[in-house]
Amino acid sequence: MEDHTGGAAQGGALAEALARCVGARIDAAHANPATGLVALAVYGGTRRVLGAGIGPRVSGVGILPRLPRLRAGASHPLVAAMRAHLVGRRVLAIEVRSDGIVIVAGDDDAAMVENDRGGGEGAPGLRLAAPEPGLRPAAPGLGLAEPGLGPAVMVENDRGGGEGAPRLGLAAPEPGLGPAAVPEPGLGPVAPPPRLGASPGARLELTPGRRGEARLLDAAGHLILRWPPQGGAPQAAVAYPADPLAAGAALVEASDDAAAGQEKAALARAVKTRRAALERRAEAVRGDLGRLGSVARLQKTGQLLLAQGARVPRGAAKALLDDWETGGKIEVALDPARPAKAQAEAFFAKARRYQRGEAVMRARLAETERALSAIAALEADVAAAEARPESLDPLAQRARSLGVSRAELAGEPGTSGARALGAGRPAPRRPFHAYRSASGAAILVGRGAEDNDALTTKHARPHDLWLHAKGVTGSHVVVPLAKGASCPADVLVDAATLAAHFSDARGEAVCEVSYVQRRYVRKPRGAAPGAVVYDREKVIAVRIEDDRLSRLLATKEEG
């Protein structure tokens, strides 16, 4: 992309192209920091896009035919800073140096110079001109002429950087034209530049190169932002293109191609991760279904305890019961605090829970297997797809419909707009799985005892709703709420259903669930993992509806 054969002549070609941007309004500022492309769109009668590649994947400078398709969102620091300090202002001056380009922007309401000949087709244009003897910028890099010389153009100078660097601005007025810029045939009408004395708002310094950088400074010269944050290691001199338009076209295509390749890799990783999660879920459900074979054994144990429990000594931790069917013995673990005969009902209840949960488990297994089939087809389509936005966007949409989060598609949690900017960074493990209510509200369910502690003490906020199945071991459940908001009734029932399902009460037709604001939940010092105490308890008795539970389980987002 870089052409090292043109020297000063190449800088002159770029300077001439950029002359048309002076006086124009900066309409947009974009960047793809993963590839290194920075783009400024300006409008001054016609729209032009200045692009600079500062690395690591693209380098060079030119006039882009369009904005890059793949770029960072407004939350990215570089984009946010450029939009805050450049967009909406006019280009006061541009300096083409041997080591980079400087763009000075001023307030949009700066006074404009008028042409004595009036407007219309003869509106002021811009042209390049040789510097007048003794012409120097009023301040380094600003390109503003000394009083009495009129507006000055920054022109190509064979002396390279510093005071003699190529500069762009307004040409000195020819006799009879007054203080206005002189139209130059072929450059076309552009917006008139600001009058001398208009205060600049910010200064953007771009150093093209594989290890270049972008620096944004305020009007006083104080650094606002440097990207990359650690700075680059720019080359001694920048090689400017002889054809800025061709160089810009190659630059934006190279950036989009590199970003699309990263996007495809991130999409493939996210789909693979989702497939592995679904496979684990299917295996877990199959294990639950396998326990249904123990229903007959549980019922038989309960019957034997009812019949023989009176012979078991009180306080025994186990009992040997006669198996009338086989003539052998069955060893049964008991609770020493309760009579053996009274514990028979626990075996019957467990058998009933397994039987009632069978329909839910089979429905969940069928849903999981359908999702697995769809994700496997998607994985094959991603592998065969071209690394182009128009090919990847529909595949990313399919991935989201199958439970892949936007953060996973971006390769980094919290990334928005710039897909693949964080590609390659694995998302940290969350201590909870997320589910969605019918209204789309998030419901967070702890993944285990220690994860319950992390969810409750580190992730939940004081005003969030906290739930737990009453009187039994189970997962902590949290409903994130806005401060001062109350939990809608349908979300409460959904959350309580999940709290019951992920507890030892799973399979019961009705379960009592405690709920309080997170602020009233405390972790006692030295308590076992997952053990908490809470005040101001409220209780909801939730009837487990198979359709509701199946809908909730199908929305699972892996932690």
Side-chain angles (χ1 to χ4, degrees), residues 73 75 270 273-274 277 281 400-410 412-417 422 427-470 473-503 511-523 529-540 542 544-545 548-559:
S75 61
T273 300
R274 180 60 176 165
R281 180 194 296 179
R400 288 194 294 271
S401 71
L402 292 172
V404 180
S405 69
R406 292 181 182 272
E408 290 173 319
L409 291 175
E412 182 177 6
T415 304
S416 61
R429 178 188 180 277
R430 298 185 304 183
F432 57 85
H433 294 308
Y435 297 83
R436 295 284 173 179
S437 71
S439 62
I443 302 173
L444 313 181
V445 179
R447 300 173 62 169
E450 293 182 355
D451 292 325
N452 283 337
D453 286 342
L455 170 60
T456 298
T457 62
K458 296 181 181 179
H459 289 267
R461 299 166 298 181
H463 51 271
D464 291 341
L465 189 66
W466 182 91
L467 303 93
H468 193 282
K470 184 176 177 63
T473 302
S475 292
H476 295 194
V477 176
V478 170
V479 179
L481 297 174
K483 195 168 185 179
S486 58
C487 184
D490 62 318
V491 178
L492 176 61
V493 174
D494 282 350
T497 299
L498 288 172
H501 180 72
F502 292 104
S503 75
C511 178
E512 289 188 337
V513 176
S514 303
Y515 64 98
V516 296
Q517 279 190 315
R518 159 63 187 88
R519 69 177 78 248
Y520 302 121
V521 182
R522 305 187 310 280
K523 175 76 177 175
V532 295
V533 295
Y534 46 89
D535 303 320
R536 306 196 186 189
E537 173 193 27
K538 297 180 181 179
V539 178
I540 178 175
V542 61
I544 307 303
E545 304 170 18
R548 180 188 295 271
L549 181 58
S550 298
R551 168 177 58 77
L552 288 167
L553 295 177
T555 67
K556 181 180 180 181
E557 299 174 10
E558 300 290 342

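- When the shell of 6.0 Å around CD of Glu537 is examined, it contains more than 12 heavy atoms from other residues, nucleotides or ligands.
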- Message: Is there a side-chain contact (heavy atoms from CB on, under 4.5 Å) between Leu465 and Val478? Walk through the geometry before answering.
- Response: CA-CA 6 Å; Leu465 189 66; Val478 170; over 6 Å; no
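- Summarising the geometry of Ala500 relative to Ala469, their closest heavy-atom pair is CA-CB, 4.4 Å, with the distance given to 0.1 Å.
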Can you give the donor-acceptor pairs under 3.5 Å from side chains of residues 481-492 to other protein atoms, not counting sequence neighbours?
none

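- The OG atom of Ser475 lies 9.0 Å from the NE2 atom of His433; values are rounded to the nearest 0.5 Å.
- Put simply, CZ on Arg274 and CG on Leu402 are 7.5 Å apart, with the number rounded to the nearest 0.5 Å.
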- Query: For His501 and Leu549, what are the C-alpha separation, side-chain angles and deciding distance, and is it a side-chain contact (heavy atoms from CB on, under 4.5 Å)?
  - Reply: CA-CA 8 Å; His501 180 72; Leu549 181 58; 3.4 Å; yes
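- Taking every heavy atom of both residues into account, Leu467 and Ala499 meet most closely at CB-CB, 4.5 Å.
- Thr555 places a side-chain N or O within donor-acceptor distance of the main-chain N or O of Leu552, the cut-off being under 3.5 Å.
- Residues meeting the ring-ring contact (aromatic ring centres under 6.0 Å, His included) test with His476, sequence neighbours left out: Trp466, His468.
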- Are His463 and Arg518 close enough, and set up right, to give a side-chain contact (heavy atoms from CB on, under 4.5 Å), and what steps lead you there? CA-CA 6 Å; His463 51 271; Arg518 159 63 187 88; over 6 Å; no
- Item | CA sep, side-chain torsions, deciding dist, call: Leu455, Asp451, side-chain contact (heavy atoms from CB on, under 4.5 Å) | CA-CA 6 Å; Leu455 170 60; Asp451 292 325; over 6 Å; no
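- Checked options Thr456, Asp535, Thr457, Val532; the residue passing with Arg522 is Asp535 (criterion: side chain to side chain contact (heavy atoms under 4.5 Å, CB included)).
- Not a single donor-acceptor pair under 3.5 Å links the side chain of Arg551 to the backbone N or O of Ala554.
- Counting heavy atoms from C-beta outward, Val533 and Val521 have side chains that stay 4.5 Å or more apart.
- Looking only at side-chain heavy atoms (C-beta outward), Lys538 and Ser514 stay at 4.5 Å or farther from each other.
- Residue Phe502 comes nearest to Leu553 through the heavy atom pair CZ-CD2, 3.9 Å, listed as atom of the first residue, atom of the second, then distance.
- A donor-acceptor distance shorter than 3.5 angstrom exists from the side chain of Asn452 to the backbone of Gly448, with no hydrogens or angles considered.
- Remark: side-chain polar atoms of Ser437 are not paired, donor with acceptor, to backbone N or O of Asp494 under 3.5 angstrom.
- Here the closest heavy-atom approach between residue Ala495 and residue Val477 is recorded as O-CG1, 4.0 Å.
- Judged as a salt bridge (charged side-chain N to carboxylate O under 4.0 Å, His left out), the pairs with a partner in residues 434-444 (not counting sequence neighbours) are, in order, Arg436-Glu557.
- Minimum interatomic distance between Leu444 and Pro480 (heavy atoms only, all atoms of both residues): CD1-CG, 4.0 Å.
- Considering only heavy atoms from C-beta on, Gln517 stays 4.5 Å or farther from Pro462 through its side chain.
- Here the side chains of Pro529 and Glu450 are in contact, with some heavy-atom distance below 4.5 Å.
- With respect to the salt-bridge test (charged N to carboxylate O, under 4.0 angstrom), the residues Lys458 and Asp453 do not qualify.
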